[in-house]
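Everything numeric in this text was worked out from a predicted model, so none of it was measured.
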Amino acid sequence: MKPAVPKKPGKIETRLSMAVLAVLVAIGVGVALRQFRISPAVLALRPESLHEEAGSPADRAPIIDLKESGMVPFSPPERFTPDTLYEKIDGRADLYLAAGFVSLATQRFAPDHAHDRWVEVFVYDMGTQQNAFSVFSMQRRETARTDRQLPNAYRTENALFMARGQYYLEWIGTDGTPPLQEQIGILARRFSDTHGGADAAVVPGGRLFPEAGLSADSRQLITANAFGYEQLDNIHTAGYLIHGVRLTAFVSERKNASAAAALADSYRQTLIAYGADAAAAPPAVDGAAMLQVFDTMEIVFSRGNYLAGVHEATDPTAATILAQRLAEHLEGLTGPHAPPPQEIGEAEENKEQQ
């Protein structure tokens, strides 16, 4: 029997084999390069990756007072303007810019001799106390716990957030260990001491809301585009719990009673234009509009210089109760025995003094 002779590969088979081999080699080289390439996120955490800023010795000085804190600079200070803010906090810059952002200074500090733990401090100059409180309140997490040692401050597992005068500050540590968090508290108190002292907490617009049913630490100030409506600026909100129903009340002081009434009507007309319908039973508040917006209700009215209402309520009875309380409270602020002008005027006065 004649032995079988191996068939010689054809030209096409040879070329295909070489092509497959070339692809495999390319993949192998890519994997090898990828393995030795460090993630940009990791590089960003290395102190040596931070660029040294040119400038005067004052520009290179620590951005906060470190006296008796046991902390030392771990990186040079960095500074950002409205035009460069997105470079540091891309994705969140719009919130700060809309609230009146002026500048940001950041720097990392570490316990002396430590190389694996540090805190990065963000000092936002928001121009006014109202603007600083606005971003402070808008950034607050539901799970945050109030810091009892500092006014206008709360903590998360590894960070502390506070508003102090025209400044909003974030102190973000590498971990939540007690020693590092204690040193963060020392730095924050030191900042308060060097910026007017740690007086009582200041909540702009706090007196605009009735106390009954008010949820603690729920007040916010939305400086622009509240509820998605461009005309609603400087809107104070507060959370309430009435008959087991969570509600949100809102108030805004306008230039005069005519401006408040016109804005209330404009907001009502806009909601109707976007599909809202008049609710079957209007609330027992004179001049108020109650609208059904998809599966929630919106109540809007004015009292004197104030625009007010209840936002996205899920229960008409609870919403009406809150609207009644709010209307009565605001009538007390506009009557002949009304207290002095609210914090808006005070903030402007403080700004002029600075």
Side-chain angles (χ1 to χ4, degrees), residues 38-93 96 101-127 132 135-136 139 147 149-198 354:
I38 301 176
S39 166
V42 175
L43 289 174
L45 292 176
R46 291 183 172 180
E48 62 270 22
S49 70
L50 300 174
H51 65 275
E52 290 280 354
E53 281 202 343
S56 66
D59 292 334
R60 296 190 294 272
I63 63 172
I64 58 173
D65 187 349
L66 300 174
K67 184 179 179 181
E68 298 177 353
S69 68
M71 304 285 271
V72 296
F74 196 59
S75 70
E78 295 180 285
R79 293 178 173 81
F80 302 88
T81 67
D83 292 332
T84 60
L85 180 62
Y86 72 93
E87 296 176 3
K88 185 64 177 178
I89 57 168
D90 190 19
R92 293 186 297 141
Y96 293 88
F101 171 82
V102 176
S103 65
L104 166 65
T106 72
Q107 191 171 10
R108 293 174 185 169
F109 303 96
D112 199 8
H113 303 304
H115 297 285
D116 58 346
R117 294 185 299 127
W118 67 82
V119 54
E120 184 162 13
V121 182
F122 296 73
V123 182
Y124 293 88
D125 183 348
M126 297 302 301
V135 292
F136 169 77
Q139 296 281 52
D147 188 300
Q149 305 297 319
L150 286 163
N152 280 357
Y154 65 85
R155 286 181 178 268
T156 60
E157 180 181 357
N158 67 324
L160 186 149
F161 305 84
M162 61 182 286
R164 183 65 198 165
Q166 70 193 68
Y167 300 101
Y168 166 65
L169 298 100
E170 297 178 347
W171 316 73
I172 301 176
T174 51
D175 55 62
T177 55
L180 184 61
Q181 294 304 306
E182 182 177 345
Q183 286 186 295
I184 288 176
I186 293 172
L187 288 176
R189 286 191 291 276
R190 186 68 185 162
F191 184 90
S192 289
D193 292 342
T194 56
H195 290 77
Q354 294 165 0

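The aromatic rings of Tyr96 and Tyr124 sit parallel, their planes meeting at an angle under 30°, below the 60° perpendicular limit. Between Tyr154 and Phe136, the angle of the ring planes lies from 30° to 60°, which puts this pair in the tilted group.
Atom CG of Leu104 is separated from atom OG1 of Thr84 by 8.5 Å, given to the nearest 0.5 angstrom. One finds the CZ atom of Phe80 at 8.0 Å from the CG atom of Leu85 (value rounded to the nearest 0.5 Å). A distance of 10.0 Å separates CG in Leu160 from CG in Leu187, rounded to the nearest 0.5 Å. To the nearest 0.5 Å, atom CD1 of residue Ile184 and atom CZ of residue Arg189 are 11.5 Å apart. Arg108 CZ to Ile172 CD1: the interatomic distance, rounded to the nearest 0.5 Å, is 10.5 Å. In this structure, CG in Asp125 is found 5.0 Å from OH in Tyr167, a value given to the nearest 0.5 Å.
For CD of Glu87, the number of neighbouring non-hydrogen atoms (other residues, nucleotides, ligands) closer than 6.0 Å is greater than 12.
Gln166 contributes no side-chain N or O that, together with a main-chain N or O of Ala132, makes up a donor-acceptor pair within less than 3.5 Å.
Applying the side chain to side chain donor-acceptor pair (under 3.5 Å) test to residues at least two apart or on different chains, the pairs with a partner in residues 178-188 are Arg155-Gln181.
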Go through the steps for Tyr168 and Phe122 under the test ring-ring contact (aromatic ring centres under 6.0 Å, His included), then give the verdict.
CA-CA 8 Å; Tyr168 166 65; Phe122 296 73; 9.4 Å; no
Please determine whether salt bridge (Lys or Arg N to Asp or Glu O under 4.0 Å) holds for the pair Glu170 and Lys88, giving the CA-CA distance in whole Å, both sets of side-chain angles, and the decisive distance to 0.1 Å.
CA-CA 13 Å; Glu170 297 178 347; Lys88 185 64 177 178; over 6 Å; no
For Ile64 and Phe109, what are the C-alpha separation, side-chain angles and deciding distance, and is it a side-chain contact (heavy atoms from CB on, under 4.5 Å)?
CA-CA 10 Å; Ile64 58 173; Phe109 303 96; 3.8 Å; yes
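Taking 4.5 Å as the limit, some side-chain heavy atom of Arg79 sits within range of a side-chain heavy atom of Ile63.
Here Thr177 pairs with Arg117, Asp175, Pro179, Leu180 under the side chain to side chain contact (heavy atoms under 4.5 Å, CB included) rule; sequence neighbours left out.
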